[in-house]
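Below, read A as the first sequence line, B as the second, and so on, with proteins coming before strands; counting in each chain starts at 1.
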2 protein chains.
Amino acid sequence: MTNIQQVAKQAGVSVATVSRVLNGQNTVSSKTRIKVEEAIKNLNYEPSMLGRNLRNSESRILLILIPSISNPFYLEIIKGIEQIALSQNYNILLCETDSNPEKENIYFDLVRKKMADGIISMDPAVNIETLKELAEKYSIIQCSEYNLDSGIPYVTIDNEEASYRAVKHLIQIGHKKIALMNSDEKFLYARQREMGYQRALEEHEIPLNDDYIIYTKHLGFEHGQQAVKKILAIQDRPTAIFAVSDLLAIGALKEINASGLHVPKDIAVIGFDKIDFSNMTNPTLTTIAQPMYKMGTVAAEMLIDKIRGNDVDNVILNYELVLREST
Amino acid sequence: MTNIQQVAKQAGVSVATVSRVLNGQNTVSSKTRIKVEEAIKNLNYEPSMLGRNLRNSESRILLILIPSISNPFYLEIIKGIEQIALSQNYNILLCETDSNPEKENIYFDLVRKKMADGIISMDPAVNIETLKELAEKYSIIQCSEYNLDSGIPYVTIDNEEASYRAVKHLIQIGHKKIALMNSDEKFLYARQREMGYQRALEEHEIPLNDDYIIYTKHLGFEHGQQAVKKILAIQDRPTAIFAVSDLLAIGALKEINASGLHVPKDIAVIGFDKIDFSNMTNPTLTTIAQPMYKMGTVAAEMLIDKIRGNDVDNVILNYELVLREST
DNA sequence: TATGTAAATGTAAACGATTTCATTTTATTC
DNA sequence: GAATAAAATGAAATCGTTTACATTTACATA
């Protein structure tokens, strides 16, 4: 493997000059620049990131913490992150935590060990204490899920408002018996979306019915199936369901179909996220679209900014209601 | 940021000894080991990967080349890769090429620049010439899609046989007019699966009908929708469709439903891959299960083996026919 | 031609670990 | 207690860059 010394020797200059050519510094005369470039070509030289990174004390790697790679919600965000990262010569390390503290710690270690320059955390189940502690020494951004008092910069949408909008839509098309399929209340977004749900009902003087609120442990398809079974078993069956994630909603769709009922005739369903798949179901899913790609680009920009030592502000992006067949 | 020197000073030993403690070498007396460990704790020291990697000329990063992160087929493979990688102290860099040679080249550069120790390529559209060239100097494995004459080790399934099995299933349940929804013939797997299709038909003396073979550019949901439209428009309409990817099949399902026909009553559909979503559709999708997780673990093991300088053999894994509602 | 200034280039010290080889310390045996 | 072997430790080179600082070269001016 050829190194910078050999290039310097071949070109008859010092390593400093080669380095300058490599980094496009304009203090090199065009005559020597050409000599160096020829030597590089001759020797098939590729500068080693290992040396470069050590010298610059950086890894040019960004860590992305997600609970599960199977949830398509994150994929679009990741694409956004990647676009910005690549354009700034960063690479991204995708880290699936499975909401498992041990795995999480493996990844945290990567930034402690300088294997990564910063973290974008999207795991709602992240250990916030550790994250806070880490944020004192390293660059960290929270994306989608966040903590108000942590002091860690975040990008997100207004969950309460978006949820309110979703439920209001159901009310507007005539529903009064509306179930909420929520995830675990320990998550901030879950609490926020429940508040939006409540506000919409209150505003239209629909009494709150605790039986209509179902919690699931995770946001998976199967959990949607399970949860909807409970909802269908309720005596005074709801005529509409608001699920806080498309995956839950798609699980619900499937199970409702299986039970012989029809969406939206018997029960309307509305999801949250607008993942790719929400358009592939039968019927297609009405949902709240999160600007996922944008969220990714913003998060990446914030993180890189932070790595450079700048202060960054929190960002709240807009959502959109996407009307489709399921309502 | 504290470094190994400071730890050595604090512990009153040389950096060599600290390094030995760090790497669990047993030539250190327990008395000094304790001294060093205390110093490490006191100073909150974390060894820098940057120094370590330079010294060891390795990055401990594996590159994974996939055409698109949106195709769930790859996700399960990635999980398998990750499991092995983590257990061997490697991390994985997920690289989405979009089958775009430029993007591909950015990622190839990472291994040239020592930012990655090896590549697992899953991109069927990969520039095989560049890959071959790269494989002479670096460790590369092909996963799922491969090239026979490239000399690059691969892990895959027997596509011809699996395809044969799928079509045979359709024939066994009474179908004679069977369409093949294939991807582009430039891909080896596409040609292999078409051969399996032909063999099954021939074996049961069903004449080949060129109109029944449709090619799509990509393996996406929308492409399945498009393709099935053509199939439905055929005069002598097929009673069954074999799609070479679940995503295509799911697109077909959706479009068939939309056109008022019923699966499997009017048209049976069988897919390929057994992605998670194939179980979430209505009706659920009969499909050929690829051992994706296993494929991932095997690929990772092969690659790490290769990085260590060992020779590795090609591996062909078993598939399985999964019967569900769509046939 | 001598001098001053700017541009181009070089020297050598980092960056933070690992490891070879030399040296010191400890344990073992007679 | 001396001789020897074995175990523990240290000094210094090394990995491949970048860059501060020193030095040389080129050029303009008087």
Ignoring hydrogens and geometry, is there a side-chain-to-backbone donor-acceptor pair from A:Glu104 to A:Thr97 under 3.5 Å? no
Assign each of B:Leu50 and B:Gln25 to its nearest nucleotide of DNA chain C by heavy atoms, then name whichever residue's nucleotide is nearer the 5' end. B:Leu50
In whole angstroms, the gap separating C1' of D:dA7 from CZ of B:Arg20 amounts to 11 Å
Atom-to-atom span, CD1 of A:Ile40 to C1' of D:dT17 - whole angstrom: 13 Å
Check whether any side-chain N or O of B:Thr17 sits under 4.0 Å from OP1 or OP2 of D:dT9, and answer yes or no. no
Under 4.0 Å between a side-chain N/O of B:Asn23 and OP1 or OP2 of C:dT18, yes or no? yes
Short side-chain N/O contact to D:dG16 OP1/OP2 from A:Ser48, under 4.0 Å: no
Which nucleotide sits closest to the side chain of A:Ser57: C:dC15, C:dT18, D:dC15? C:dC15
Can you tell which of C:dG10, C:dT9, D:dG10 lies closest to the side chain of A:Val13? C:dG10
Counting only N and O atoms by type, is there a donor-acceptor contact under 3.5 Å from the side chain of A:Glu145 to the main-chain atoms of A:Leu188? yes
Candidates D:dT9, C:dT18, C:dT9 - which lies nearest the side chain of B:Thr27: D:dT9
Give a yes/no on whether any side-chain N or O of A:Ser19 is located under 4.0 angstrom from OP1 or OP2 of D:dT19. no
Euclidean distance, atom CG of residue A:Asn56 to atom P of D:dA20 [Å, nearest integer]: 11 Å
Going from OG1 on A:Thr27 to CZ on A:Arg33, what distance comes out if it is rounded to the nearest 0.5 angstrom? 8.0 Å
Taking the minimum atom-to-atom distance to the side chain of A:Thr32, which one of C:dT9, D:dT17, C:dA17 wins? C:dT9
Figure out the CG/C1' separation between A:Leu22 and D:dT17, and round it to whole Å. 9 Å
In terms of side-chain heavy atoms of B:Ala16, which of C:dT18, D:dA11, C:dG10 is nearest? D:dA11
Whole-Å distance between C:dC15 P and B:Asn3 CG? 8 Å
Quick one: label B:Leu54 by what it contacts on the DNA or RNA (base, sugar-phosphate, nothing), any heavy atom closer than 4.0 Å. base
Partner of A:Ile152 under side chain to side chain contact (heavy atoms under 4.5 Å, CB included), chosen from A:Leu134, A:Asn314, A:Ile140: A:Ile140
Could you tell me whether A:Glu46 contacts a base, only the sugar-phosphate backbone, or nothing, with contacts defined as non-hydrogen atoms closer than 4.0 Å? sugar-phosphate
Separation of atom CG in A:Asn26 from atom P in C:dA6, rounded to whole Å: 16 Å
May I have the distance from B:Glu58 (atom CD) to D:dT14 (atom P), rounded to whole angstrom? 20 Å
With a 3.5 Å cut-off and heavy atoms only, can you find an N or O donor on one side and an acceptor on the other between the side chain of B:Arg55 and the base of C:dT18? yes
Can a side chain N or O of A:Arg52 be found less than 4.0 Å away from OP1 or OP2 on D:dT18? yes
A:Ser29 has a side chain; which of C:dG10, C:dA8, D:dT9 sits nearest to it? C:dA8
So what does A:Asn53 touch, heavy atoms closer than 4.0 Å: a base, only the sugar-phosphate, or nothing? nothing
With rounding to the nearest 0.5 angstrom, report the CD to CG distance, A:Gln142 to A:Leu131. 5.5 Å
Please identify which of these residues, B:Asp273, B:Asn159, B:Thr156, meets the side chain to side chain donor-acceptor pair (under 3.5 Å) condition with B:Gln290. B:Asp273
Atom CD of B:Gln5 and atom P of C:dT18: how far apart are they, to the nearest Å? 12 Å
